[in-house]
> 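Take a look at this one; I'll ask things after.
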Amino acid sequence: TAQTSRKSEDTPTLPTKTPQVTESPTPSIAKGFAIPSLEIEMLKVTGGSFQMGAQIDDPKSQADETLHRVTITEDFFLSKYEISVKAWKVFIDEVNYKTSAEQHGGAAHYKGSEWIEFSKGRNWKNINLQDDDAISTISYTDCLEFCKWLTKRELKAKRLMPGWEY
């Protein structure tokens, strides 16, 4: 599978203006902060409501894409780009973390458009990723552990307010 560089010109950008909703504020992107040692740019997303999904008559929509209102009740920070392999390696090295794929001896993945249930031995270390590539072949649990580590690290560096987390 092709890897997308986190600095690619094709990377979608978050909108700076969103349509106004009369019932509650629309979420917006506010100035965030940088984590220079990891080359991560964080953006602050403020709470509010918006419509998500597809119109009922959209022929390209799926059954699970019904138009509905989503409300974000608390502000949060989001990385502007995918997490790079370089940043992932810092996490791995600092906490001696083993990913789900490493623990279970392999990982599921796509091969072209075909879903491969399990490939023995497959993990992020052996799929030819470069430092600037987005990390892949990691699980939801792996992502949560990265966020916990990043939260502790940024609280200690005083770049994150007490009570906040990623």
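Below, all heavy atoms of this structure are taken into account, side chains as well, without hydrogens, waters or symmetry copies. Keep in mind it's a predicted model, so treat the numbers as computed, not measured.
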> Would you compute the distance between atom CD of Glu82 and atom CD1 of Ile135 and round it to the nearest 0.5 angstrom?
11.5 Å

> Going by heavy atoms in the side chains, are Cys143 and Ile138 under 4.5 Å from each other?
yes

> Take atom CD in Glu74; do more than 12 heavy atoms of anything else shown fall under 6.0 Å from it?
no

> Please list, chain by chain and in numerical order, all residues satisfying side-chain hydrogen bond (donor to acceptor under 3.5 Å, both in side chains) with Thr137, sequence neighbours excluded.
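Expected list: none.
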
> Which heavy atom in Asn126 sits nearest to a heavy atom in Gly121, and how many Å separate them?
ND2-O, 2.7 Å

> Angle between ring planes, Phe91 versus Trp149, binned at 30° and 60°: parallel, tilted or perpendicular?
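Taking Trp149 first and then Phe91, their aromatic rings sit tilted (interplane angle of 30° to 60°).
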
> Using 0.5 Å steps for rounding, measure from the CG atom of Leu78 to the CD1 atom of Ile40.
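Here the rounded value is 11.0 Å.
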
> Rounded to the nearest 0.5 Å, what's the gap from CE on Met42 to CZ on Phe76? Could you check?
9.5 Å

> Only counting residues at least two apart or in another chain, list the ones meeting side-chain hydrogen bond (donor to acceptor under 3.5 Å, both in side chains) with Glu117.
Trp115

> Checking Asp142 now: which residues fulfil side-chain hydrogen bond (donor to acceptor under 3.5 Å, both in side chains) with it, not counting sequence neighbours?
Tyr97, Ser100, Ser139

> Can you see which heavy atom on Thr66 is nearest to which on His68, and at what distance?
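Closest heavy-atom pair between Thr66 and His68: O-ND1, 2.7 Å.
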
> Between Arg122 and Ala101, what is the shortest heavy-atom contact and its length?
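Result for this residue pair: O-CB, 3.5 Å.
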
> Only one of Leu129, Thr99, Leu38 passes side chain to side chain contact (heavy atoms under 4.5 Å, CB included) with Trp88; say which it is.
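Going through Leu129, Thr99, Leu38 one by one, the side chain to side chain contact (heavy atoms under 4.5 Å, CB included) with Trp88 is satisfied by Thr99 alone.
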
> Can you name the side chain to side chain contact (heavy atoms under 4.5 Å, CB included) partners of Ala54, sequence neighbours left out?
Asp58, Ser61, Glu65

> Checking side-chain contact (heavy atoms from CB on, under 4.5 Å) for the pair Phe77/Glu154: CA distance, chi angles, key distance, verdict?
CA-CA 12 Å; Phe77 287 97; Glu154 293 308 293; over 6 Å; no

> Test: salt bridge (charged side-chain N to carboxylate O under 4.0 Å, His left out). Region: residues 97-107. Which pairs qualify, not counting sequence neighbours?
Glu102-Lys125

> Are Val85 and Val95 connected in the hydrophobic side-chain network, where two residues link if heavy atoms are under 4.5 Å apart?
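Looking at the clustering, Val95 is in the same group as Val85.
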
> Is any side-chain heavy atom of Ile127 less than 4.5 Å from a side-chain heavy atom of Ser136?
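Counting from C-beta outward, Ile127 and Ser136 do come under 4.5 Å.
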
> Can you list everything that forms a side chain to side chain contact (heavy atoms under 4.5 Å, CB included) with Gln55? Sequence neighbours excluded, please.
Asp57, Leu67

> Donor-acceptor pair, Thr71 side chain versus Thr73 backbone, under 3.5 Å?
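No, the answer is negative, given that no donor and acceptor are paired below the 3.5 Å cut-off.
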
> Count I, L, V, M, F, W, Y as connected when their side-chain heavy atoms are under 4.5 Å apart, and connections chain through other members. Are Met52 and Ile72 then in the same cluster?
yes

> Report the distance from atom CD of Gln130 to atom OG of Ser84, rounding to the nearest 0.5 Å.
12.0 Å

